[in-house]
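A quick note: this is a predicted structure, and the numbers were derived from the prediction, not measured. Lettering of chains follows the sequences in order, A, B, ..., and the numbering in each one begins at 1.
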Amino acid sequence: MSDLLANLNPPQLAAVTLPAQHALILAGAGSGKTRVLTTRIAWLISTGQVGPQGILAVTFTNKAAKEMQSRLAAMLPINTRGMWIGTFHGLCNRLLRAHHREAGLPETFQILDAADQLSAIKRLLKNLNVDDEKFPPRELMHFINAHKEQGIRAAQAEAYDHYTSRRVELYTEYEGQCQREGVVDFAELLLRSYELLQRNEPLCRHYQERFRHILVDEFQDTNRLQYAWLKLLAGRGSVRPETPGACVFAVGDDDQSIYAFRGAEIGNMRDLQREFELPSVIRLEQNYRSHGNILDAANALIKQNVGRLGKNLWTEAGAGEPIRVFEGISDFDEARFIVDEISELLREGIGRDQIALLYRSNAQSRVLEHQLFTAGVPYRVHGGLRFFDRQEIKHALAYLRLIANPDDDTAFARVVNFPTRGIGTRSLEALQEAAQRNNASLYNAAASLAGKAGTAVARFVALIEDLRADTRARSLPEVVDHLIDKTGLRQHYLAEKEGQDRLENLDELINAATTFLYEDSDQDGEPAANGGPLASFLAHASLEAGEHQAGEGETAVQLMTVHAAKGLEFDVVFITGLEQGLFPHENAAQERAGLEEERRLMYVAVTRARQRLYLTHAQTRMLHGQTRYCLPSSFVDELPAELLRRINRTASAGQPGRGAASAARQPPTAGHGLRIGQNVRHARFGVGVIVSTEGAGPEARVQVNFGAAGMKWLALEYARLTPA
DNA sequence: ACAGCGTTAGTTTTT
DNA sequence: CTAACGCTGT
């Protein structure tokens, strides 16, 4: 036990050994947050204050949950497998599997990922003859999810105008469709399990009494529903506020909250303080990651945000190197500089995987990739297709889903004619109609319509029945293997010229099933295995999308969005595309809340670097097929000048004036004396850059990027623009 | 059923 | 610019 607590700094120690009470730990970037969280659990258990079964530890990512579990296993001589450590969604799934009846779900309910949900919505709109121009499926999906994440059912949704009242109707229809099909989307996992606990008092009480300590990671990212769920389990929910429940130990960093756009509520941190009557918060401010200059820059930047809980990172490491700032003539030029610099770093012996290129949006990776490729530097782009998202995997899984749950129309629609087996649009329409008439699922309609053997539909039904029989006789990996053959998937991809990778992935799926069985088998006692191995494998596949690609072995320079970089660290970090309108993004920079989230994003980016940080931007950038003229990001100006070193390309490192760079030197003129790329001043909006022009004479308009004030179209006749 | 064409949209996305 | 989607014609 004593070595459990060894090497903790005073605030870390205080957090870990806090008596049984609610607590909020404000954990800055690189301050040992995961260590505190896991050590806290280990300390609670090893001092006998609680048994492993009395712990509930919640994270957002599978990665974090696994990390916590394995670190804990290393600290304690217990089997951590059966413990309730997992993601919000994983734990809710577990709860719903164990109590599917009470939750009103079939035993083999399936989980829709975002793509499944979208296709379910498209199908719904089609069936209801709703114009998807007027009700874009994506928008409707967002509408539904946003409501669920607030804990609002269709019945309670406010229909504040005609359009919304229709959307609420569609929300209702969607709920009905999911219920009929026995499927739940991600948000539903949470809402359903929240409602289960809220409505089932004995059950709720059971869990409230069981969990003595609830620990939450990345608390700043919780949405309203997740917070309500935690409150309920902690006995602070609205049902029985007097119930004595668990101690909540929340760890988070309001400065790293970058998911407000999908419902995360920073306000939950203040609410937690108030509603759980926290006497104080513990701050972890000593940073073990970055050199002083980097932290000073991060601190200075984030100070610009108002309403923070407040925190100042410091380090015992020295100031380190200055932050390097580079301005390229074009995005092309910027990328070339970065790759030149990387080549130099590699020569100095920095590991390739210790260099990260960060950007605000995925589209920016293109130029960087091009330069890296040309220079022959191995790189890896994060954020691509994930394993369980690949079409061949989704197809195979859809067959499995249909076997597990014949009512799953989404799965049915996906595979009924893939590979093609002569069930075209007309047959499908017939099935659709029959299904609607009998209020049955598509598969049921197919089964009853397949009276006469020999038809394509009958053969399909026979195939599924056949495969279902397989599941009783064979192990899961065998079932998957056979399925790939019998459905014709293997044959299909064998015939396809690009099919080799897909076949390999299908083989990998068989391996995944084997691994899953193996890992699942030593999970003791707990009701996770409800619904059989097939159902739990499918849940696993939906909840854990898998790493992007099986790491190709070779170490590589890492390319990713700033969002994707959260939680990671690198010796050398390049933050690229630091331009007004890009980062901060123009869609977010208008209101303060938006700009502040962008600033937190920048804060996250800066604090990824251990030793060296580069900030790069370009004067011009190809965006949406046209050249944009850009001002440097206001975030660069917010950093103390004494920490920065502006660098120019060394004479040897490539001559400017090639490629896009030369185009930038002669910006197109617009006939009225204003040049694209020229800086101008406007009475109200301040200084901006002319980005494009339109028309001539009194009609002429110019588009100006005013940075903080945003992008504006101005009629020259009215707007008095002066050169700046 | 599918290729080929035209149209459209284009921040971030742990589950 | 480009990728992805949907429609149309064969």
(message) Quick check for you: among B:dT12, B:dT14, B:dT15, whose closest atom lies nearest to any side-chain atom of A:His89?
(response) B:dT15

(request) Provide, to the nearest angstrom, the distance between the CZ atom belonging to A:Phe261 and the C1' atom belonging to B:dT15. (result) 13 Å

(message) Please give the distance between the C1' atoms of B:dT12 and C:dC5 as a whole number of Å.
(response) 22 Å

(request) Please report, rounded to the nearest Å, how far the P atom of B:dT14 is from the NE2 atom of A:His382. (result) 13 Å

(request) Indicate whether OP1 or OP2 belonging to B:dG10 is found under 4.0 Å from a side-chain N or O atom of A:Ser361. (result) no

(request) Could you verify whether a donor N or O on one side chain and an acceptor N or O on the other, from A:Ser633 and A:Glu579, lie under 3.5 Å apart? (result) no

(message) For C:dA3 and A:Arg366 - does any side-chain N or O of the residue sit under 4.0 Å from the phosphate oxygens OP1/OP2?
(response) yes

(message) Starting the side chain at C-beta, find the nucleotide from B:dT14, B:dT13, B:dA1 nearest to A:His563.
(response) B:dT13

(request) Go through the side-chain N and O atoms of A:Arg123 and A:Thr410 and say whether any donor and acceptor fall under 3.5 Å apart. (result) yes

(request) Figure out the CG/C1' separation between A:Leu96 and B:dT15, and round it to whole Å. (result) 14 Å

(request) Would you mind classifying the nucleic acid contact of A:Asn417 as base, sugar-phosphate or nothing, using non-hydrogen atoms under 4.0 angstrom? (result) sugar-phosphate

(request) Return the nearest nucleotide to the side chain of A:Lys122; candidates are C:dG6, B:dA1, B:dT13. (result) C:dG6

(request) Name the closest nucleotide to the A:Thr61 side chain, picking from B:dT13, B:dT15, B:dT11. (result) B:dT15

(request) Using a 4.0 Å heavy-atom cut-off across all strands, classify A:Tyr259 as base, sugar-phosphate, or nothing. (result) base

(message) Whole angstroms only, please: what is the CD-P distance between A:Glu596 and B:dT11?
(response) 23 Å

(message) Between A:Asn362 and B:dT11, is there a contact of a side-chain N or O with OP1 or OP2 at under 4.0 Å?
(response) no

(request) Would you kindly say whether A:Asp185 and A:Gln117 are connected by a side-chain donor-acceptor distance under 3.5 Å? (result) yes

(message) On DNA chain B, does the nearest nucleotide to A:Thr420 precede the nearest nucleotide to A:Glu218 from the 5' side, or the other way round? Give the residue.
(response) A:Thr420

(request) Send over the distance from A:Ile85 CD1 to B:dT14 C1', rounded to a whole Å. (result) 18 Å

(message) Of the listed nucleotides (B:dG10, B:dA1, B:dT15), which one gets closest to any side-chain atom of A:Leu543?
(response) B:dT15

(request) Check the side chains of A:His382 and A:Gln558 for a donor-acceptor pair under 3.5 angstrom, ignoring hydrogens and angles. (result) yes

(request) Starting at atom CG of A:Leu385, determine the distance to atom P of B:dT13, rounded to an integer number of angstrom. (result) 13 Å

(request) Ignoring hydrogens and angles, state whether a donor on the side chain of A:Glu369 or A:Tyr379 is under 3.5 Å from an acceptor on the partner side chain. (result) yes

(request) Go through B:dT15, B:dT14, B:dC2 for me and flag the one nearest to the A:Phe186 side chain. (result) B:dT15

(request) Measure the distance from CD on A:Gln626 to C1' on C:dT2 and round it to the nearest whole Å. (result) 14 Å

(request) Report the residue (A:Arg421 or A:Ala588) whose heavy-atom-nearest nucleotide on DNA chain B is the more 5′ of the two. (result) A:Arg421

(message) If you compare every side-chain N and O of A:Arg386 against the phosphate oxygens of B:dT15 (OP1, OP2), does one of them come in below 4.0 Å?
(response) yes

(request) Scan side-chain atoms only and decide if A:Arg97 and A:Asn93 contain a donor-acceptor pair under the 3.5 Å cut-off. (result) yes

(request) Using whole Å, report how far CZ of A:Arg360 lies from C1' of B:dT12. (result) 5 Å

